[in-house]
Structures are given as structure tokens and as C-alpha cells.
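Just so you know, ligand 1 is whichever comes first in the structure, and atom 1 is the first atom listed for that ligand. All values below were derived from every heavy atom in this structure, side-chain atoms included, with hydrogens, water molecules and symmetry-related copies excluded.
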Amino acid sequence: MMQRSSHVACPFVTGTRRLDEPYPGREALRAAGPVAIVEAPAGGPVAVVTTAALARAVLTDPRISKDTALAPAHWDAQGAGLEPTAAQALSLTTAEGELHAALRRAHAPMLAPRRMRALEGSMRETARAMLRDAGPGPVDLVAEFTTRYPLTVVGDLLGVPRSMLDEAVDACRRMWDDPGAAMAGFARLGAAAMAHDGLARELRGRLPASVTDEQVHYLLFALIFAGQLTTDAALGFLLARVLTSTPPDDTAALVDDVLRRDPPAPFTLWRFTAEEVELAGVVLPPGTPVVVDVAGVAGDPGASLAFGAGPHVCAGAHLARAELAAVVDVLVTDFPGARLAVPAAELRRVDPGTLAGSRLATLPVEGLRPRE
Ligand code: HEM
């Protein structure tokens, strides 16, 4: 039977903590076994998978679906951070099976590693110009850079005009308090991207003609928002690390290490059992919410699941890694005087109390002057 794990505090808590303080509740969660049953933020039980081996099995198990049509009926969709069901909106994140595979095939060429490598120079150029314009400081890079830079990069890629950057920032920030207004903003960004040359049009061309423009706008929203939310948070931790340590020998390894220690998605998105499923001896009835404790399994050797695994593994992982590496290289090479404007011990991270990850509250930096 599915019973609440005793002595396990809810891991979905809001709060502020130091950078080196562990994720709240994670130790007890892992101590509860490979599957811990805790209270979901929207109410009722949720099964949290706490080992890397079981996580990989769950993330490839066709009986455990991302379609939000299977979510508990009493959940408030907005409060639970649920996307529309697969029938309501065509989306990589909720489609399953052959439809999902076809959508992935349509997206794959635009986010392929070779294409991302070809864009590294322009990403560095973008980072250099944005940091120069933000400097010399003191400036809070969380307010002025970590949201704007990933939105600029993905916007350039898709064909969103740069003049719409403020609108993109606004749409992302309003997603939590006014999702209706945010989605209207994203639809305008999608329409603008499709009117320009860029990968949005290329994606459109690879989808069947029966897919409507409105549906393409939703696919573009997913790319913009999924990329911003995560890369934004990662940038804060990455920049803080670069500003408080010796310059890295291996930028790619540094990026991966930061993503492992401070995963921007510390839990996967919601999944739901489509039928009765037994996981490590725990029987989950149909419709049970399941998430993987990505932050917790990072302690297992060689087990980073920062980008997920299985059919829904992050579609933008190569883009994200290239974007993050470009910023590190630019900061180290072109801004040798950049330093924290406060003692590192004063930096704080904020946990949102949902599945989403923590992000730095502020990152005050000074000496941000380009090398002559
Ligand atoms: C450091 C940055 C990033 C991290 C840590 C990250 C993490 C993840 C994770 C863990 C998943 C899987 C969620 C699950 O299975 O429940 C995912 C999926 C996804 N990510 Fe990312 N992501 C990042 C950046 C990006 C970027 C830049 C883009 C867009 C261009 C993007 C687009 C997506 C999409 C579309 C999916 C859904 C894929 C599917 O369901 O088939 N991500 N991401």
C-alpha cells in the first residue's frame, strides 16, 4: 500500500538560505528509501524517487506519463504549476508516445550540438555587449543580466526581434501571478518570430500543415520559457562560482559541476501513473503524481540528471551548455576586474516552494569593465 513516509518533512518549501546550505528536507527524503511518499503542494500524496537508478527507470517507463489529464482532479492547475493537458495544447512536455517522438524530431535539427557550436561566437558577443552595458557597477546581475541574456540568445535563435526583449522579460516574470497576460505576451513573441527569418519558421516548416499557428506559438512559448527559467537560475550560481574562485581550466566541466550541485530543475516536472505501478515495493494507484529528486540523486556517483533522461530529456541541453560556457569565457577573458560587490557569505538563494529551483536573490558585482 502507498503510505506516507514518516518523519519526512515536505521538500517543497519556500525560504531563503545561504549558498552552501543544503536543500531543505532532502536528506530525510533519501533516508526514507528509493520512493518517498510526501504531501504534494497542491494536496494529496506524491511519490518522490530518490535514487539515480530508479530515476532512470521511471523516466523511461511508458506507464508513467507526463499528460496532465492524469493529474488528481482536486489539484488547482495554476497552484500546482500544471500545463494544459496533451489534448488541450500540443506540447513536447505533455505529449507521449509517437506524437511526442514526432515533435522531438521536428525540434531536433534546430537545437542540435553542431548548430549550437556554430553559434558560440555570437553568444559570446551577446554576453560581452550585455555585460559591458550593465557595468561597471555595482550592478545586480540577477536583475540586469541573468534573465535578459538567455532570452536574448533564444530570441535571436528563433527570430524574435530584440526590440521585444522587455516584453519577453515581462511575460516570463508574469507567468506566476498573471499567467493569462503572460501567455498573451508569449503569443505576441511567437507571432513576431514567425514573421521574421529564424528557427521558428524552420520549425513551422517541419510540422504538418494541420498544426495551427496558435499551436506553434505554444511550442515556441515552451522553448522560451523552459530555457529562461532554468538558464537564468543556473547563471546566478555559475557567475557566483566564477567570481569566487580561480579561473577554470575546463569551462564545460565547470558548467556541468554547477548544474549538478545546483540543478535549476531540482525536481523533474510532474508525471502521473497511467495504471497501477509498483516502484521499489511501493504500489502506486493510477493517477499518482511522481517526481524525481534531481538535486538529491546528484550525490550518486556519475549520476547527474540535471537535464533529465529518457524521451523527455531536455531538448535545449546543448543550447544551455553553450550559453553558459560563453558567459564564463567572456567574464574571465574580457572582464578581468569583475568582482563581487559584497562578501560571498552574504549571497542568498530563494526557494520558490514549488518544483522549480532556487535562484540567487541578488548578485551585486563591481569592476565590470571590458579589457582595453
Ligand atoms: C541549464 C539549463 C537547463 C536545465 C537544467 C534544463 C532542465 C530540463 C529538464 C530536467 C527537463 C526534463 C523535465 C522532465 O522530464 O520532467 C527539461 C526538458 C525540456 N527543456 Fe530544458 N533545461 C535547461 C535549458 C533549456 C533550454 C535553453 C531550452 C530551450 C531552448 C529547454 C527546453 C526544454 C524543453 C522543450 C523540454 C521538454 C522536453 C520534452 O518533454 O520532450 N531547456 N529541461
Give the residue and atom name of whichever protein heavy atom lies nearest to [atom], and the separation in Å to one decimal.
| atom | value |
| --- | --- |
| atom 36 (C) of ligand 1 | Ala315 N, 4.0 Å |
| atom 11 (C) of ligand 1 | Phe307 O, 3.9 Å |
| atom 38 (C) of ligand 1 | Arg104 NH1, 3.4 Å |
| atom 7 (C) of ligand 1 | Ala306 O, 3.4 Å |
| atom 26 (C) of ligand 1 | Gly227 CA, 3.3 Å |
| atom 35 (C) of ligand 1 | Leu92 CD1, 3.7 Å |
| atom 23 (C) of ligand 1 | Thr230 OG1, 3.2 Å |
| atom 29 (C) of ligand 1 | Leu223 O, 3.4 Å |

Pairing of [X] and [Y] as salt bridge, 4.0 angstrom limit:
| X | Y | answer |
| --- | --- | --- |
| Arg260 | Asp257 | yes |
| Asp293 | Arg30 | no |
| Arg115 | Glu202 | yes |

Between [Y] and [X], is there a side-chain donor-acceptor contact under 3.5 Å, judged purely by atom types and distance?
| X | Y | value |
| --- | --- | --- |
| Thr288 | Arg271 | no |
| Asp140 | Thr362 | no |
| Gln88 | Tyr218 | no |

Whether Arg206 side chain and Ala106 backbone form a donor-acceptor pair below 3.5 Å: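 Indeed, once roles are kept as given, a pair shorter than 3.5 Å links the two residues.
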
Without swapping roles, check the side chain of Thr68 against the backbone of Thr85 for a donor-acceptor pair under 3.5 Å.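 The answer is yes, because a donor-acceptor pair under 3.5 Å joins these two groups.
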
Applying a strict 4.0 Å limit to heavy atoms, is Gln228 in contact with ligand 1?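 Not so, Gln228 does not reach ligand 1.
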
Going by the angle between their ring planes, with limits at 30° and 60°, are Trp270 and Phe12 parallel, tilted or perpendicular?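 Because their plane-to-plane angle lies in the 30° to 60° range, the rings of Trp270 and Phe12 count as tilted.
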
Testing Val49, Val292, Val313 one by one against Leu59 for a side-chain contact (heavy atoms from CB on, under 4.5 Å), which residue passes?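 Of all the options given, the one that passes is Val292.
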
With Leu90, which of Val211, Leu207, Val216 fulfils side-chain contact (heavy atoms from CB on, under 4.5 Å)?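 The residue from Val211, Leu207, Val216 that satisfies side-chain contact (heavy atoms from CB on, under 4.5 Å) with Leu90 turns out to be Val211.
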
Quick one: which of [options] has a heavy atom closest to [atom]?
| atom | options | value |
| --- | --- | --- |
| atom 16 (O) of ligand 1 | Arg271, His312, His318 | Arg271 |
| atom 19 (C) of ligand 1 | Cys314, Gly357, Ala320 | Cys314 |
| atom 31 (C) of ligand 1 | Ala265, Pro263, Gly316 | Gly316 |

For ligand 1, which atoms, with element, lie under 4.0 Å from some heavy atom of [X]?
| X | result |
| --- | --- |
| His100 | 39 (C), 40 (O), 41 (O) |
| Lys66 | 14 (C), 15 (O), 16 (O) |
| Ala226 | 32 (C), 33 (C) |

Considering only heavy atoms, does Leu319 approach ligand 1 within less than 4.0 Å through its side chain, its backbone, both, or neither?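 Near ligand 1, Leu319 shows its side chain, while the N, CA, C and O stay back.
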
Check Leu259 against ligand 1 and report side chain, backbone, both or neither, counting heavy atoms closer than 4.0 Å.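 The answer is the side chain.
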
Polar contacts were defined as any N/O atom of the residue lying under 3.5 Å from an N/O atom of the ligand; does this apply to Ala317 and ligand 1?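 Among all N and O atoms of Ala317, none is under 3.5 Å from an N or O of ligand 1.
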
